[in-house]
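It should be emphasised that the depicted structure is a prediction, and the values quoted were computed from it without experimental measurement. Here is how names work: the chains are called A, B, and so on, in the same order as the sequence lines, proteins then strands, and each is numbered from 1.
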Protein chains: 2
Amino acid sequence: MSREMVRQGGRSARIQKAVHEASRALLEEIDRSKITVPMIAERAGVTPSTIYRRWGTLTDLLADVAVERLRPVTGPEDTGSTSGDLEAFVLQYAEEMSSPVGRALLRDVMAEAQSDGATIRCCQYTYDHLDEIAARAAARGEAPFDVPEMIDRTVAPICYHILFGDRDVSSDYCRTLLQRAAA
Amino acid sequence: MSREMVRQGGRSARIQKAVHEASRALLEEIDRSKITVPMIAERAGVTPSTIYRRWGTLTDLLADVAVERLRPVTGPEDTGSTSGDLEAFVLQYAEEMSSPVGRALLRDVMAEAQSDGATIRCCQYTYDHLDEIAARAAARGEAPFDVPEMIDRTVAPICYHILFGDRDVSSDYCRTLLQRAAA
DNA sequence: ATTCGTAACGCAAATTATTTGCATTAAGGG
DNA sequence: CCCTTAATGCAAATAATTTGCGTTACGAAT
């Protein structure tokens, strides 16, 4: 009686894939506020009730999709120097997130009410990237930096301005943040 | 044919007030994800269609309510010194926003898709507060500070950690941010 | 004050989304 | 290969959202 675990293979996985793909496709085609669960279900070739049972709400589903999209496929670029690595990472982060799609993903991730869900997983990617850059710095014998502090000084302001839309997050602005962080 | 403007007085205002009050009351009582438009309508004594026509969606309504709640009723406290004013403001901001209700408000404000809506209005309050503190500093002959930079160094990290839930936003942490900003 | 034009509302019907009960399918272990 | 049961499909039931239309009541002008 060890009971069954969550099933991962076969049909279940196929459906998750189909639903995610349908969601991504719709996010590209039509406005996010016009997307509905039945719409995604039809495109994915499943019944709406399946989606409701597995994801609960449209918000949760879109958050799940967003986290998946925000997961980096590759580690941070190795430019040979810590400052170069940091600049490459921060500029790419800002560019990805400030696009209309990126902004929508960010909002979807945060909309998920439960704090122990998608949000932490999502910003964990940022910690991991910076950890790796810091580890490289140490391996090179360069001066190390504090990862949480680096997030406070660069990533946090970038997210703030993207989410509140109170200013443009340009490359120049990102470099200013990096200079402040280095001081 | 200059025609009618948006109506503000009388019935229209009463309904807006009733709906806002009903929303606030429900936000205190039950989980945000369980709140529905018909629920608010009943509590406010209006028909659901009125809410749908005026606010469009539940998200937009809650964002509207959130902005209203986040609007400060009073200016920043005058402690006699700039560092004191800043500390008072930042600590109060963090405390307000990190509560379950504050966090929900923050999420609601951001969930509203259109960037030119509630979000800007909401963070404008922060700019205004800091502007006033900076003006006081100048009036006292103290060294001025750059308001956008202060936001980047204090408010932005606070919002980031509240929204992503990756760390606790304690008073000690806020003071650390203020010390960094002063350096 | 009274009248007039119309924005905002209430009501109810139509549409659409969400939930739920039950039968069926297919993982995954024995 | 069989057995248990998680996950799905289907369809009915419920709830939310939209919409048409008649009514109310701002607000402007007379």
Axis bend over the full length of the helix from dA1(C)-dT30(D) to dG30(C)-dC1(D), computed from five pairs that close each end, to 10 degrees
40°
Nearest whole angstrom, please: distance from the C1' of dG9(D) to the CD of E42(A).
16 Å
Residues passing the salt bridge (charged side-chain N to carboxylate O under 4.0 Å, His left out) test with D172(A), sequence neighbours excluded, are R175(A)
Between dT24(D) (C1') and R14(B) (CZ): distance, integer Å:
11 Å
Using the side-chain contact (heavy atoms from CB on, under 4.5 Å) criterion, which residues pair with H129(B)? Sequence neighbours excluded.
P72(B), P76(B), F89(B)
For R43(B), is there an ion pair with E29(B) - N to carboxylate O distance below 4.0 angstrom?
yes
Establish, with yes or no, whether the OP1 or OP2 oxygen of dT25(C) is under 4.0 angstrom from a side-chain nitrogen or oxygen of R11(A).
no
I15(A) CD1 to dA6(D) P: how many Å, rounded?
16 Å
Between CD1 of I51(A) and P of dT16(C) the distance, given in whole Å, is 18 Å
First locate atom CZ of R180(B), then atom CZ of R153(B), and finally report the distance between them rounded to the nearest 0.5 Å.
9.5 Å
Measure the distance from CD1 on I40(A) to C1' on dA17(C) and round it to the nearest whole Å.
13 Å
With sequence neighbours left out, what residues match D85(B) under salt bridge (charged side-chain N to carboxylate O under 4.0 Å, His left out)?
R136(B), R140(B)
The salt bridge (charged side-chain N to carboxylate O under 4.0 Å, His left out) partners of E21(A) (sequence neighbours excluded) come to K17(A)
Closest listed nucleotide, where the reference is the side chain of T47(B) and the choices are dG10(C), dT24(D), dC10(D):
dG10(C)
Any N/O pairs under 3.5 Å between the protein and nucleotides 18-22 of chain C? List them or say none.
from	atom 1	to	atom 2	distance (Å)
dT18(C)	OP2	Y52(A)	OH	2.0
dT18(C)	O5'	Y52(A)	OH	2.8
dG21(C)	O6	R53(A)	NH2	2.6

Please list, chain by chain and in numerical order, all residues satisfying side chain to side chain donor-acceptor pair (under 3.5 Å) with S98(A), sequence neighbours excluded.
none
Take atom CE of M39(A) and atom C1' of dT15(C), then tell me their distance rounded to the nearest Å.
14 Å
Side chain to side chain donor-acceptor pair (under 3.5 Å) with E68(A): which residues, sequence neighbours excluded?
R71(A)
Starting from P on dT17(D), measure out to CD1 on I35(A) and report it in whole angstrom.
17 Å
What pairs with Y52(B) under ring-ring contact (aromatic ring centres under 6.0 Å, His included), at least two apart in sequence or on another chain?
none
